[in-house]
Colleague: 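Here it is, the structure, as structure tokens.
Each chain gets a letter, A, B and so on, in the order its sequence line appears, and its residues count up from 1.
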Number of protein chains: 4
Amino acid sequence: MRHKEGNKEKDIIEAAIKCFAKKGYHHSKIIDIAKIANVAVGSIYVYYNNKEDILIKIFNNLWERLYFKITNIEKNSRLTPVEKIDTMIEDIFDAFIENPNLAIVFVNEQQYLLKLSSTLSNNFHKKYLDVGEIFIKEGIQQNIFSSEINSNIFRIFILGAIRNLLRYWADTPVKISLAKIKENVTYLIRNGILKK
Amino acid sequence: MRHKEGNKEKDIIEAAIKCFAKKGYHHSKIIDIAKIANVAVGSIYVYYNNKEDILIKIFNNLWERLYFKITNIEKNSRLTPVEKIDTMIEDIFDAFIENPNLAIVFVNEQQYLLKLSSTLSNNFHKKYLDVGEIFIKEGIQQNIFSSEINSNIFRIFILGAIRNLLRYWADTPVKISLAKIKENVTYLIRNGILKK
Amino acid sequence: MRHKEGNKEKDIIEAAIKCFAKKGYHHSKIIDIAKIANVAVGSIYVYYNNKEDILIKIFNNLWERLYFKITNIEKNSRLTPVEKIDTMIEDIFDAFIENPNLAIVFVNEQQYLLKLSSTLSNNFHKKYLDVGEIFIKEGIQQNIFSSEINSNIFRIFILGAIRNLLRYWADTPVKISLAKIKENVTYLIRNGILKK
Amino acid sequence: MRHKEGNKEKDIIEAAIKCFAKKGYHHSKIIDIAKIANVAVGSIYVYYNNKEDILIKIFNNLWERLYFKITNIEKNSRLTPVEKIDTMIEDIFDAFIENPNLAIVFVNEQQYLLKLSSTLSNNFHKKYLDVGEIFIKEGIQQNIFSSEINSNIFRIFILGAIRNLLRYWADTPVKISLAKIKENVTYLIRNGILKK
DNA sequence: GATGAATGAGCATTCATTCAT
DNA sequence: AATGAATGAATGCTCATTCAT
């Protein structure tokens, strides 16, 4: 009936992102995803072990891509710590600008995933955060960043802030541009709220 | 024991917070809550319309308390905008230090609630955010806060950051102290990451 | 709070008739009846054993009254069999004209009751039917009614017909008058559909 | 056995008729029907929307069949109005002789259904009654039936009578034959109780 | 690989009844 | 007698997963 050969796996994950974004993970039914993907229910289980597995793979794909980018940043010795963090933030925003539905799923369901994350063999999310923390430590060592900052707290602080802004952006019909948000985030992280 | 003793309603909501914190809202069964509250299943429906209603009331209670506190901050004309924001952050942390399970529920389920929040008659969360935004605008007017900051983005930024830190704190067995986290948050919000 | 002394039992049964008529027995809740009767839930169980008991007593009251009337008809030796049946039908209609809600409960729930009727100690319904059958047998003996008629079948035939007409009447917003219906019933029972 | 065998839908409806006949609609549990049909609970919901839907379809099937028969009677121009009504009654009795359980469900639950009947798209019951009324009007026009009879009242009268007799027949362990009942009904409708 | 009918464990909610006051 | 908060057994329905074709 349907033979876009070799695309089913991708079709399914894209359908799932759409569906999770629209209804949330818990309210998305396998049959909904199957319909959006134009695929039979059974076919989903050919490519994915179960519903949760789809969500895991959505996030793994995302963090894998971001991890690839952050390692490139890390390797680039010409960048200052400030530039590294700026670029890192830019990459995160770019990933979601490209796929706003993914942003919605990210902000809503990432939490649910973290409880399972320890079971992931390739935990790109963890690796990603570790590299991010390195940037901060570098900045502190080079006396650019304040030594009063705990790098661990900082990375959690910043990702939470970004996540909440993405959620807000994704949920708001009349959008503030992501560019504007990115600009504000960059400013706040660098300077905080006080005038210099 | 057939007559109102005046604490079942409270017992249930406290049991629900425990249960939601431990298993998450979607995986908490009514019978679980009933057992923890040492109450019959039917009794839950004497005090709450349904499962969702319990969650709604948990958050409404929380935001009502915080709203009460923030209005006191607002009325206090001796505080500078910086102090107002510091105190506001302190109040949020205090609320969760008092009840760490509430913090877990907050970070995990608030998202789910926001979709229903428009239906709440007394939306203390909304009111709370509005007062917070006023503080920022005051600071900008008084030329203490940078005018490059969008107050709306800032309040979303800051609450997302705090939420993520609370989640981290609540999930981590060996705790960084909330005091330490609060200190870092205050610093980051004031000064950002760069050295002054 | 409420002290119309000595009326509670009656209040409850009247409330139940209203409620059963409006929502049906199965969809009427004890608390609904309590509210209509302006009585506490527990009070209902002071006067009635359970929900079913209320329905049983509603019907028992009805058939007791009709049985009282039919025995008077039976005793009246001046009436011909035709007149006896006419009067019997008239009495049935009168009972329901007086209380249309009772008609609705009768047509909808009598069926449910019949399954329990064998358990009734004073089964006035059964006794009523037996007297009705006597009238028919008298008519046949006196060569007024056709001997082709089985008296048992006839009484079931006639009560079914009347019940269905009452149901129709009770359900129909723009009413055919019960008088008109009664007239037609009397005619049909006497003469059938064929012209004489 | 994972693929449609084409009889589950029928198995379920037949099981439901048996179950409703034995216990009544309200006391029949979905799991009871599933067991009788030798089918999983979930399978019932593959073919029917809900419990009520099963009942609706039982009646719709019945009235569709009867409607098919009555339209054939209507088309047959050789039949007199009396013969038409006779045949109509015969068809009703035949439908229930074929399936006595259906008769029990009919007499007990049709009432419940009438409240929903307006929502049915194909309301064969309504159409059936309309054709029946035409027969009566024809008979009155042709001066065969008494003009004192209201055709609307008559059709309600007759169906109520038949329903009650069927119920009696279905409930009575030692049966009067349906043939005997049919004979009496035909006589009563034609001639009433009085001797000619 | 692809399909979708079949499955059945799982759960929120209801409501008649009870009984301490 | 009167009350109404408390109870918990009972049930319709859902939906992720399976597997014969």
Colleague: Of all residues at least two apart in sequence or in a different chain, which pass the side-chain hydrogen bond (donor to acceptor under 3.5 Å, both in side chains) check with B/K126?
Modeller: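 With sequence neighbours excluded, B/K126 shows a side-chain hydrogen bond (donor to acceptor under 3.5 Å, both in side chains) to B/D130, given in chain and number order.
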
Colleague: Just jot down the side-chain hydrogen bond (donor to acceptor under 3.5 Å, both in side chains) partners of A/N61, sequence neighbours excluded, or say none.
Modeller: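 By the side-chain hydrogen bond (donor to acceptor under 3.5 Å, both in side chains) rule, A/N61 matches no residue at all.
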
Colleague: Quick one: list whatever passes side-chain hydrogen bond (donor to acceptor under 3.5 Å, both in side chains) with B/N38, sequence neighbours left out.
Modeller: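 B/N38 satisfies side-chain hydrogen bond (donor to acceptor under 3.5 Å, both in side chains) with no other residue.
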
Colleague: Rounded off to whole Å, could you give me the CD1-to-P distance for the A/I44 and E/dG4 pair?
Modeller: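 To the nearest whole Å, that distance equals 12 Å.
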
Colleague: A/K51: which residues meet the salt bridge (Lys or Arg N to Asp or Glu O under 4.0 Å) condition with it, sequence neighbours left out?
Modeller: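 A/K51: no salt bridge (Lys or Arg N to Asp or Glu O under 4.0 Å) contacts found.
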
Colleague: Any residue in residues 13-21 of chain C with a heavy atom nearer than 4.0 angstrom to DNA chain F? Just list them by number, or reply none.
Modeller: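 Output list: empty, so none.
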
Colleague: For C/Y48 and F/dA2, give me the distance from atom OH to atom C1', rounded to whole Å.
Modeller: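 One finds 16 Å between C1' of F/dA2 and OH of C/Y48, rounded.
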
Colleague: List DNA chain F stems (3 or more consecutive Watson-Crick/G-U pairs, under 3.5 Å)?
Modeller: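 Stem segments, range with range: E:2-21 with F:2-21.
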
Colleague: Please set out all donor-acceptor pairs under 3.5 angstrom arising from side-chain atoms of residues 11-26 of chain B, sequence neighbours excluded.
Modeller:
{"residue": "B/K23", "atom": "NZ", "partner": "B/D32", "partner atom": "OD2", "Å": "3.1"}
{"residue": "B/Y25", "atom": "OH", "partner": "B/E52", "partner atom": "N", "Å": "3.1"}

Colleague: Taking only residues two or more places apart in sequence, or in another chain, which ones meet A/A170 in a side chain to side chain contact (heavy atoms under 4.5 Å, CB included)?
Modeller: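 Expected list: A/I104.
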
Colleague: Between the protein and nucleotides 12-14 of chain F, which nitrogen or oxygen pairs come in under 3.5 angstrom?
Modeller:
{"residue": "F/dG12", "atom": "OP2", "partner": "D/I30", "partner atom": "N", "Å": "3.0"}
{"residue": "F/dC13", "atom": "OP2", "partner": "D/Y45", "partner atom": "OH", "Å": "2.9"}
{"residue": "F/dC13", "atom": "OP2", "partner": "D/K51", "partner atom": "N", "Å": "3.1"}

Colleague: Under the side-chain hydrogen bond (donor to acceptor under 3.5 Å, both in side chains) rule, collect the residues that match up with A/E109, sequence neighbours excluded.
Modeller: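 Partners of A/E109 under the side-chain hydrogen bond (donor to acceptor under 3.5 Å, both in side chains) test: none.
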
Colleague: A/R167: which residues meet the salt bridge (Lys or Arg N to Asp or Glu O under 4.0 Å) condition with it, sequence neighbours left out?
Modeller: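 A/R167 satisfies salt bridge (Lys or Arg N to Asp or Glu O under 4.0 Å) with A/D171 once adjacent residues are dropped.
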
Colleague: Could you state the atom-to-atom distance from CD1 of A/I33 to P of F/dT17 in whole Å?
Modeller: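 Computing the A/I33:CD1 to F/dT17:P distance gives 11 Å.
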
Colleague: Could you note down all residue pairs passing salt bridge (charged side-chain N to carboxylate O under 4.0 Å, His left out) where residues 36-48 of chain C supplies at least one of them, sequence neighbours left out?
Modeller: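 Passing the test, one end in residues 36-48 of chain C: no pairs.
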
Colleague: Could you tell me the separation between the CD1 atom of B/I54 and the C1' atom of E/dT13, rounded to a whole number of Å?
Modeller: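 After rounding, the gap between these two atoms is 12 Å.
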
Colleague: Using whole Å, report how far CG of B/N38 lies from C1' of F/dG8.
Modeller: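 After rounding, the reported distance stands at 14 Å.
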
Colleague: Round to a whole Å and report the spacing from NZ of B/K35 to C1' of E/dC11.
Modeller: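 Answer to the nearest Å: 13 Å.
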
